[in-house]
There are 6 protein chains.
Amino acid sequence: MLSTSRRLLASTASRCLSTSASGAITVNEDLPNVYHVKLNRPTKLNTFTLDMWKELKVVIDGLGEEPKCRSIIVSGEGKSFCAGIDLAAGMSNIINIFKNDDLDIGRKARSLRRILTIIQDSLTSLEKCPKPVIAAVHSHCLGAGIDLITSADIRYASQDVTFSIKEVDIGLAADIGTLNRIQKVVGNDSWTREVCFTARDFGADEALKYGLVSRIFDSQEHLLEKSLEVAALIAAKSPIAVQGTKETLNYARDHSTHDSLNFVKTWNMSQLLSTDLVNSATAALKKEKATYANV
Amino acid sequence: MLSTSRRLLASTASRCLSTSASGAITVNEDLPNVYHVKLNRPTKLNTFTLDMWKELKVVIDGLGEEPKCRSIIVSGEGKSFCAGIDLAAGMSNIINIFKNDDLDIGRKARSLRRILTIIQDSLTSLEKCPKPVIAAVHSHCLGAGIDLITSADIRYASQDVTFSIKEVDIGLAADIGTLNRIQKVVGNDSWTREVCFTARDFGADEALKYGLVSRIFDSQEHLLEKSLEVAALIAAKSPIAVQGTKETLNYARDHSTHDSLNFVKTWNMSQLLSTDLVNSATAALKKEKATYANV
Amino acid sequence: MLSTSRRLLASTASRCLSTSASGAITVNEDLPNVYHVKLNRPTKLNTFTLDMWKELKVVIDGLGEEPKCRSIIVSGEGKSFCAGIDLAAGMSNIINIFKNDDLDIGRKARSLRRILTIIQDSLTSLEKCPKPVIAAVHSHCLGAGIDLITSADIRYASQDVTFSIKEVDIGLAADIGTLNRIQKVVGNDSWTREVCFTARDFGADEALKYGLVSRIFDSQEHLLEKSLEVAALIAAKSPIAVQGTKETLNYARDHSTHDSLNFVKTWNMSQLLSTDLVNSATAALKKEKATYANV
Amino acid sequence: MLSTSRRLLASTASRCLSTSASGAITVNEDLPNVYHVKLNRPTKLNTFTLDMWKELKVVIDGLGEEPKCRSIIVSGEGKSFCAGIDLAAGMSNIINIFKNDDLDIGRKARSLRRILTIIQDSLTSLEKCPKPVIAAVHSHCLGAGIDLITSADIRYASQDVTFSIKEVDIGLAADIGTLNRIQKVVGNDSWTREVCFTARDFGADEALKYGLVSRIFDSQEHLLEKSLEVAALIAAKSPIAVQGTKETLNYARDHSTHDSLNFVKTWNMSQLLSTDLVNSATAALKKEKATYANV
Amino acid sequence: MLSTSRRLLASTASRCLSTSASGAITVNEDLPNVYHVKLNRPTKLNTFTLDMWKELKVVIDGLGEEPKCRSIIVSGEGKSFCAGIDLAAGMSNIINIFKNDDLDIGRKARSLRRILTIIQDSLTSLEKCPKPVIAAVHSHCLGAGIDLITSADIRYASQDVTFSIKEVDIGLAADIGTLNRIQKVVGNDSWTREVCFTARDFGADEALKYGLVSRIFDSQEHLLEKSLEVAALIAAKSPIAVQGTKETLNYARDHSTHDSLNFVKTWNMSQLLSTDLVNSATAALKKEKATYANV
Amino acid sequence: MLSTSRRLLASTASRCLSTSASGAITVNEDLPNVYHVKLNRPTKLNTFTLDMWKELKVVIDGLGEEPKCRSIIVSGEGKSFCAGIDLAAGMSNIINIFKNDDLDIGRKARSLRRILTIIQDSLTSLEKCPKPVIAAVHSHCLGAGIDLITSADIRYASQDVTFSIKEVDIGLAADIGTLNRIQKVVGNDSWTREVCFTARDFGADEALKYGLVSRIFDSQEHLLEKSLEVAALIAAKSPIAVQGTKETLNYARDHSTHDSLNFVKTWNMSQLLSTDLVNSATAALKKEKATYANV
């Protein structure tokens with residue numbers, strides 16, 4: 001039990017391991033140690049509102065701190081994965097700033113910065129979460145949907161998916177994650193720029209070919225089934241090993257090789273001393289499956 | 001009024017503009033727009049507990065979001081500014097981790113990381129706060145006290161102060177800020193390393209000579225009087241200008257000149273369009289004192 | 001009209017929106033807001049001379065400042081896209097330095113540095129240009145040709161193209177851009193190194209497979225037709241959105257995710273306040289096509 | 001003679017080695033190889049206009065390319081060194097953007113960015129100039145005056161000087177260099193922030209104590225005399241050595257020690273092969289003064 | 001002959017150009033200037049021991065300094081390329097640290113750091129070696145095998161290969177190179193994370209599709225034949241050009257475009273003055289094959 | 001006992017804890033755990049030869065691995081601390097490269113790079129050594145002498161010292177450390193550049209005033225006495241704490257605050273779990289002096 005240090009954190013991250021306040025995000029432990037987070041505004045095609053972004057962060061931070069959680073799937077309830085921002089409810093805060101005659105331009109800009117910070121931090125919570133996150137994407141994945149999945153670790157899609165980096169079509173440069181992360185997940189910069197500048201639709205095959213997703217499945221059902229399977233496979237591994245792997249890959253992405261070698265060496269000064277190494281070796285000798293304590 | 005965007009933030013940073021939950025931190029608007037934050041555990045020489053660190057962050061984040069606040073003073077109530085960590089109450093969380101036989105070394109290390117993150121984030125809140133923070137230091141400023149003041153913008157001291165970067169004397173490398181920031185605030189690296197390796201005491205004159213503080217005063221009374229005077233002077237300036245200045249200095253410290261020139265140019269694309277520039281010019285022409293809206 | 005700030009710049013970038021001084025570069029507005037830049041030394045297979053590099057920079061800088069220009073195509077007139085450096089005319093400046101007995105080695109080296117700076121700055125002008133640049137490549141794209149296209153945003157090729165990172169075959173490490181940019185545009189480092197070390201030819205299919213280009217077409221005619229189509233599609237979008245997208249992608253490529261999230265947030269403090277956001281929304285509601293002012 | 005590579009550059013930097021176009025900047029070779037650049041709008045206290053910034057860049061870039069120039073002094077003609085921006089003429093371009101009703105906020109911001117780029121690039125030309133620049137400062141050095149001197153290599157002042165980082169008093173965060181460079185030239189961050197936030201005046205003694213200047217003299221006459229003396233001393237040294245030293249110090253300031261060791265090692269792969277090393281050794285043996293070719 | 005500077009290095013890198021001390025690594029000059037390094041513990045599936053890592057570094061450092069060596073192939077003798085760490089002999093040093101009751105946790109961690117440093121430095125020697133390294137991989141390439149090949153320049157495989165980033169299966173985050181380098185060699189981050197988190201096997205086709213290797217061959221024989229052919233092709237090029245290319249690609253991978261353009265410009269200040277440029281041009285004119293001195 | 005991991009390292013760093021091979025460096029354990037390294041070519045004013053640099057690295061690396069060593073003093077035997085490079089013996093390797101007609105310029109440059117690497121690595125060994133190094137400087141500290149002391153942690157001087165950053169006087173930009181480190185140890189960049197460009201002498205008072213040293217003493221005897229005293233004070237502290245402090249200060253100097261906070265948090269995940277923390281606390285309670293195991 002990690003109760004000692006967990007209690008310390010109670011006040012900073014009140015864990016939400018079930019449906020979020022508004023119901024826009026649901027959480028379920030689909031399999032032991034595998035949590036399924038669903039965007040749950042199906043009538044609105046799971047478009048984001050500011051509240052929904054705040055709730056997403058609470059959910060993901062909570063799962064990051066939940067010892068039982070070892071891997072996470074994010075999917076969308078209903079007809080779409082996520083069709084972007086809710087142009088009415090999601091943009092209203094920004095529109096209110098535009099219209100607020102009490103604010104001069106400098107102060108409007110500072111207010112916009114506050115909102116952008118909230119939204120960026122919401123999506124970055126997936127990246128910072130120590131547990132791997134698999135985005136399982138079907139049907140529509142537009143605008144903010146892509147901001148969301150590029151902050152996940154693994155991206156799978158069903159054949160029916162339509163992607164679009166939609167932001168230029170609403171008159172703005174995407175500012176909550178896609179443009180900051182996509183080059184680091186995709187291996188063809190020419191293609192990346194084309195789809196960012198044109199906001200054109202593309203499908204599963206193209207996303208796979210250029211590297212935005214790594215697997216496609218013939219149906220959403222199959223997609224979810226396989227996503228759960230991989231999530232369960234990850235959850236069965238040493239969480240010390242898996243979480244150290246995510247931490248290191250995130251670090252390596254943004255630092256030189258020299259710096260990231262130093263980081264993992266420093267990290268493993270303590271993590272190699274965990275019992276997981278011995279458990280793994282012992283189990284291997286006995287031809288048994290190793291089990292590991294939560295982290 | 002910034003009510004629109006402020007309300008958005010209500011749930012993420014519940015503002016504390018008076019005495020904190022436990023009473024360990026007090027806040028008072030000493031002068032218009034000038035807030036005075038006091039460490040307030042005088043019987044314990046204002047030593048830190050984990051709760052006190054959490055409360056400090058709530059207070060500073062709250063002032064960061066409070067439009068009326070334009071500058072902040074941090075001082076210590078009673079006999080000392082801050083004598084470090086409360087070895088009993090402040091270390092108990094860490095001791096509990098040490099003693100927790102349910103945790104192997106790898107998991108103990110992860111628990112320690114969580115606690116260090118909370119404390120580092122608490123002190124970093126002073127650095128991230130958009131309003132300038134003046135640390136007004138008297139008597140004892142030891143260990144965590146120095147971690148605290150190196151994350152402030154301006155450091156003043158009274159003649160009676162005793163400083164010590166105390167951590168090596170309790171068997172650890174200082175890990176909550178001093179070693180990360182001191183070289184960037186002080187201009188003599190040889191001196192810095194000597195006082196870090198030896199944990200020896202030093203006084204106001206030495207701190208001034210080597211650059212840890214920028215002014216010394218003959219008494220705590222005088223120190224607070226002058227700190228308030230400077231804080232009030234800052235509070236009377238354009239908050240668009242002052243906060244952009246802090247943002248830029250923080251950015252410049254950690255980036256190349258090339259990158260920070262780009263940052264301030266990008267920042268001022270909006271901030272130059274505020275009314276503060278015109279207000280200032282108009283007032284100058286009229287030989288009047290300009291006034292500015294809050295940010 | 002942007003006349004105010006444009007006039008300011010008149011002396012620093014005398015705009016060249018038609019054929020360049022020597023005629024080696026031509027410019028034409030093929031479609032409204034879409035400019036077509038052609039390498040135009042067909043008898044020399046569009047090989048570069050030092051003058052041609054200087055002219056290229058003038059042309060691209062000029063289009064960067066031309067409000068009417070919203071996207072750019074770069075292609076090659078005649079039989080080849082670009083067969084590299086003109087070994088006679090293009091290398092003569094360097095040969096003259098080699099032969100100049102008045103210069104010792106240190107000073108020769110400084111003279112070489114000046115020339116390399118001119119050439120690097122020429123190619124970097126495509127990267128720095130706020131308008132997206134599509135390189136449409138046919139037939140030969142050798143040596144400097146690849147330096148050129150890796151500094152463009154989007155790379156398309158016709159089936160007949162032959163690429164070669166030719167520099168090792170003339171006894172030097174490529175020093176004007178290819179080696180600095182290719183890993184950031186291509187997703188297979190093993191392949192990149194092989195073609196850099198061996199200078200071997202490769203064709204359109206291989207370039208597509210490994211990510212140097214993102215589309216191939218069966219003929220140069222088709223290539224240009226589609227390049228114009230995509231350029232026109234980009235030109236019809238909000239230039240505030242498109243140019244902010246390019247600025248952000250360039251920034252993200254060379255910075256950590258954390259830093260680039262901060263950049264785009266700071267950039268959009270002003271850019272979100274443009275009318276393009278409202279124009280886009282209004283047009284969407286009316287099911288009309290939005291139009292946008294130039295930038 | 002470096003005529004070969006110099007001619008190449010003729011079109012990019014038309015050298016101005018005498019009075020600039022408007023007369024606002026004068027240049028004189030006061031001593032052999034020592035050039036004296038004067039701000040020359042004495043009736044306006046040498047306040048900057050946009051044209052003057054452009055002319056400064058032309059002058060400094062020209063001296064950077066002039067082989068005979070080996071060190072540079074910058075001083076102010078008349079009563080002041082530089083009293084900042086000319087609020088009428090210097091701000092008019094910005095005011096025109098504010099007032100231009102044809103521009104929405106996003107486009108105003110982009111126009112401001114263009115102007116800030118011109119001004120930043122002007123001051124950065126001192127930093128990029130391969131020849132050392134000594135700023136010799138008397139009387140008023142306010143606002144833009146400090147932006148100017150922080151981009152110089154060496155700062156001397158006469159006793160009568162008054163400094164002020166004035167920008168917050170005109171409602172803006174300094175955006176053309178001071179905030180980006182001052183922490184890297186001064187060794188007391190607390191003092192730096194105080195003078196940046198308060199815009200208060202400070203004199204020569206304080207500037208020396210905290211590190212903004214390195215020497216003070218009792219009169220402007222003495223200041224100029226000694227500045228020339230140091231400039232002449234530098235001009236007598238090997239220009240290969242001096243310019244390599246400046247290049248390396250600039251690089252080291254903005255990079256890690258590991259990276260800058262690599263840089264200087266790479267730089268000296270060619271520069272150690274110059275004749276200056278042998279010339280110096282030979283002269284030392286003969287107890288003569290070595291002479292060196294220009295660079 | 002480079003005898004002057006080579007002798008200097010004799011004491012720091014005692015060259016091993018044949019079988020290493022224990023025989024675990026063999027070296028042979030298969031073709032002129034092409035060296036073949038074999039992992040040679042076939043009965044142990046070429047699994048690594050600490051000694052073998054030390055020997056690998058001696059071998060690679062030696063070839064880096066050997067003028068005759070211009071390209072290197074690394075392959076595995078016998079049934080496997082490399083099946084990872086020798087769990088008995090390779091882990092014993094770490095197990096001994098675990099069991100050493102004289103060491104507290106802090107000191108155990110420091111001892112682990114020493115061992116990790118030795119192993120990381122061993123693999124990094126391939127990256128730092130100025131000569132290109134081709135990894136020719138067959139059969140098993142597990143765990144440390146992948147750490148090894150990601151530090152090579154070029155990766156080829158035979159169809160029979162099985163890869164696995166195995167470390168999570170032994171309870172640890174891979175800490176000797178794979179996680180630090182794989183994102184920089186592969187263009188699909190989603191796939192990378194999946195195979196890192198799951199430790200699942202994958203074959204040649206998948207490795208090629210996602211970019212871990214760049215060519216696959218139907219047999220090990222064919223693999224080695226073609227690897228030698230490419231190595232020979234590289235060895236026939238100017239070593240000044242080839243080694244400058246590797247140096248630049250390594251630099252570019254870990255720096256911004258701006259910084260790496262500066263690096264290659266500085267590097268070529270001397271390298272362009274080599275005779276290889278003239279040799280290449282002369283040979284081209286004569287339609288002969290150029291020959292080059294060793295480096 | 002650390003014998004397990006120490007033995008592993010035996011082959012990579014054969015420890016030299018007494019006089020070095022040539023006798024040019026001597027080592028003595030002056031006080032328990034305090035090692036005194038002396039430059040010992042008094043008849044040559046301790047000027048460096050290439051062999052002496054190699055020996056210095058062996059000595060310092062050896063002390064870094066020697067568990068008994070907890071702090072190091074570096075001083076000079078005889079009349080001078082260090083008068084720079086031995087122009088005859090120390091430059092001969094470089095002169096030989098100059099004169100070697102078998103080498104073209106490109107290959108000479110590569111040979112120079114090898115030598116510079118050896119020398120830089122020698123001096124960097126002081127920085128990388130986990131034990132604090134105090135440079136105790138008397139009489140002459142010229143050229144390479146300053147390269148040496150800027151890579152130490154603490155710099156003390158006797159009143160009689162003469163410093164000079166001498167390199168420009170021998171026709172080269174200092175390339176073995178001074179220019180890369182001096183700005184990070186000194187807080188007045190204007191002064192730094194003046195003494196680098198002019199190679200002028202300066203004394204103890206000036207070095208103290210501008211921050212190159214942190215203490216001056218009236219005689220060399222007093223200097224050594226006090227250096228030993230401080231070294232002994234450091235040696236009595238927890239080596240886990242002291243060495244973690246050095247590691248963190250080195251890291252912080254070259255990274256952003258954000259990155260270095262992450263580093264120290266990761267480092268202390270294991271180091272806080274050492275017994276030194278408890279030992280320190282227990283001793284404090286008992287009012288005894290804590291003792292600590294070696295590292």
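So you know, we letter chains A, B, ... as the sequences are listed, proteins then strands, and number each from 1. What you see below is based on every heavy atom in this structure, not just the backbone, and it leaves out hydrogens, waters and symmetry mates.
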Salt-bridge criterion met for F:R110 and E:E247 (N-O under 4.0 Å):
no
Within 6.0 Å of NZ in F:K44, more than 12 heavy atoms from elsewhere
no
Could you tell me which of E:K57, E:K108, E:Q243 has the largest number of non-hydrogen atom pairs under 4.5 Å with chain F?
E:Q243
So which of E:P130, E:S274, E:A109 has the biggest tally of heavy-atom pairs under 4.5 Å with chain F?
E:S274
Considering non-hydrogen atoms only, spot the tightest contact between F:Q271 and E:G106 and give its length.
NE2-O, 3.1 Å
Which heavy-atom pair separates F:R107 from E:I240 by the least distance, and what is that distance?
NH1-CG1, 3.5 Å
To the nearest 0.5 Å, tell me how far F:D104 CG sits from E:S270 OG.
10.0 Å
In terms of heavy-atom pairs under 4.5 Å with chain F, which of E:T117, E:T275, E:D51 leads?
E:T275
